[in-house]
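Basis for what follows: all heavy atoms, side chains included, without hydrogens, waters or symmetry-related copies.
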Amino acid sequence: MNRRNFIKGSLFTSALSIIPGSISGNTTLFSQGPEAEPDKIFPNRLKSGDTVGLIAPGFLLTDKQLETSAQNLRQLGFNLYYTSRISGKSGYFSGTDKERVQDIHEMFANPAIKGVICAGGGYGCTRILNLLDYSLIGKNPKVLMGFSDVTALLNAVYQQTGLVTFHGPVARTIHRPYNTLQFRNVVMYPKENYLIESTADDLEKSANDPVYERYTITQGKARGRLAGGNLSLLASMVGTRFMPDLKGKILFLEEIDEEPYRIDRMLTQLLESGNLQQLAGIAMGIFKGCNKATPVNSFTVKEVIADRLKPLNIPTVYGLSFGHNINNCTLPVGLQVELNADCKTLKFLEKAVL
């Protein structure tokens, strides 16, 4: 997954084991039973004039990238706070592991900071999960948002504390109209029964690029809490204590610039680890750039996804507007939702912020 190049390029644009079972009709509601995890904690909603903390928990930032991130957040009406550590450099990281953890701790400990938004991803979050003070984070709940490599941070924080976190645009891509609208509707002015579906312009792109096609893989409806994010990151978390508990969950997945055989390998790893067999449903984003196959006789991404996921026989849909895509909606990790694979939508069954 070329996560770094996607974020960098965005500055210049305006954004098997087979499971027995059957589905009877389009209204079947799937559930895998109760989940053993911490009580859910909702952060307070963000308001215009709030101070938002900006962090770089993975790759280092250029001065231009930091400037763009700050400008985008100010245009949303927020005051901005970040430490000198955000411009640090330790190899390809924006500081040492310890320094990046210090930044996160400072943002959550400071009562003047109402939300924490990542400037970018790249790589680095999995290295710091075992260094975080989850008690500190849980006692000071606030909006935490990002995507890509931040997948690891979002799911670990929810899994360890119960704090609902937000898979959505980083500060450098939050300025795009769809991203801004979704961000406002989820973390600033939450709506009842909020509905997520593909944008019209993503559907139009499917005429020239099949990865933008929106389609049902397995019919039905399912309810559960959201978990997920980037496929590469989730596959890398298998076998660690930070791998999210997927029992009864609605899993959302996205990817960028991975060839079909690599998508196959990562989905197979998740299947063979037993993590997918207890899901209630799967909502997939747009796997941008993933049909560029080196072997001549390659499967398409669509064929790989169907081969790996259809035997699970749970409601599954592909093509929602999130992830490494110009249009990237905000999905709250831990929120109770309903997936309608027939209508190709996600409906929030509760508000994600207080």
Side-chain angles (χ1 to χ4, degrees), residues 15 21-31 147 167-169 177-179 181-182 185-186 191-231 246 248-256 263 267 276 279-288 290-291 300-333 335-350 352:
S22 62
I23 297 178
S24 55
N26 294 341
T27 59
T28 304
L29 194 62
F30 288 72
S31 177
F147 78 109
H167 183 279
Y178 176 81
N179 299 351
L181 175 65
Q182 298 296 322
N185 288 346
V186 176
K191 303 177 184 301
E192 299 282 356
N193 297 316
Y194 192 61
L195 201 66
I196 298 291
E197 54 189 337
S198 298
T199 64
D201 64 308
D202 281 343
L203 295 176
E204 289 172 3
K205 293 173 188 174
S206 64
N208 298 314
D209 188 344
V211 298
Y212 287 94
E213 179 185 1
R214 185 180 62 170
Y215 57 89
T216 298
I217 297 167
T218 304
Q219 293 182 330
K221 293 181 181 179
R223 289 187 175 187
R225 300 186 190 188
L226 279 173
N230 182 260
L231 175 59
L246 298 183
K249 297 290 200 311
I250 303 295
L251 178 66
F252 63 95
L253 292 172
E254 63 86 28
E255 193 49 270
I256 184 171
I263 301 294
L267 289 176
L276 302 189
L279 287 170
I282 303 174
M284 309 191 81
I286 292 166
F287 281 45
K288 187 177 179 181
C290 292
N291 260 336
T300 65
V301 170
K302 185 175 184 178
E303 289 171 330
V304 168
I305 290 172
D307 178 78
R308 297 287 75 193
L309 299 184
K310 195 170 182 60
L312 291 170
N313 206 26
I314 57 176
T316 305
V317 66
Y318 174 92
L320 297 181
S321 297
F322 68 84
H324 288 83
N325 184 47
I326 289 176
N327 300 307
N328 184 10
C329 69
T330 299
L331 297 176
V333 173
L335 197 74
Q336 190 77 11
V337 301
E338 180 178 278
L339 169 66
N340 187 326
D342 306 310
C343 296
K344 308 171 191 68
T345 59
L346 272 174
K347 181 170 70 175
F348 294 177
L349 300 178
E350 54 190 345

Looking at [X] and [Y], what are the two nearest heavy atoms and their distance?
X: Ser321; Y: Thr199; value: OG-N, 3.0 Å
X: Val301; Y: Cys290; value: CG2-O, 2.7 Å
X: Cys343; Y: Asn340; value: N-OD1, 2.9 Å
X: Arg223; Y: Ala280; value: O-CB, 3.7 Å
X: Ser198; Y: Leu320; value: OG-CA, 3.5 Å
X: Val333; Y: Ala227; value: CG1-CA, 4.5 Å

Report yes if the side chains of [X] and [Y] come closer than 4.5 Å at any heavy-atom pair, otherwise no.
X: Tyr318; Y: Leu253; value: no
X: Phe322; Y: Gln182; value: no
X: Lys344; Y: Glu197; value: no
X: Thr316; Y: Ile314; value: yes
X: Met284; Y: Ile217; value: yes
X: Leu331; Y: Phe147; value: no
X: Asn328; Y: Glu254; value: no
X: Leu339; Y: Leu346; value: yes

Measure the [atom1]-[atom2] distance between [X] and [Y] for me, rounded to the nearest 0.5 Å.
X: Lys302; Y: Asp307; atom1: NZ; atom2: CG; answer: 14.0 Å
X: Ile263; Y: Phe287; atom1: CD1; atom2: CZ; answer: 5.0 Å
X: Lys221; Y: Thr345; atom1: NZ; atom2: OG1; answer: 8.5 Å
X: Glu255; Y: Leu267; atom1: CD; atom2: CG; answer: 9.5 Å
X: Asn327; Y: Asp202; atom1: CG; atom2: CG; answer: 4.5 Å
X: Arg225; Y: Ile250; atom1: CZ; atom2: CD1; answer: 12.5 Å

ask   = Between Gln336 and Leu349, is there a donor-acceptor pair closer than 3.5 Å when you use the side chain of the first and the backbone of the second?
value = no
query = Is Thr300 reaching over with its side chain to a backbone N or O of Glu303, donor-acceptor style, under 3.5 angstrom?
reply = yes
inquiry  = Assess the residue pair Ile196 and Val337 against the criterion (side-chain contact (heavy atoms from CB on, under 4.5 Å)); give the C-alpha distance rounded to whole Å, side-chain angles, the decisive distance to 0.1 Å, and a yes or no.
reply    = CA-CA 10 Å; Ile196 298 291; Val337 301; over 6 Å; no
request  = Given side-chain contact (heavy atoms from CB on, under 4.5 Å), test Asp209 with Lys288 step by step and report yes or no.
outcome  = CA-CA 9 Å; Asp209 188 344; Lys288 187 177 179 181; 5.9 Å; no
Worked check of side-chain contact (heavy atoms from CB on, under 4.5 Å) between Leu203 and Arg214 = CA-CA 7 Å; Leu203 295 176; Arg214 185 180 62 170; 3.7 Å; yes
request  = List the steps and the verdict of side-chain contact (heavy atoms from CB on, under 4.5 Å) for Ile282 and Thr218.
outcome  = CA-CA 9 Å; Ile282 303 174; Thr218 304; over 6 Å; no
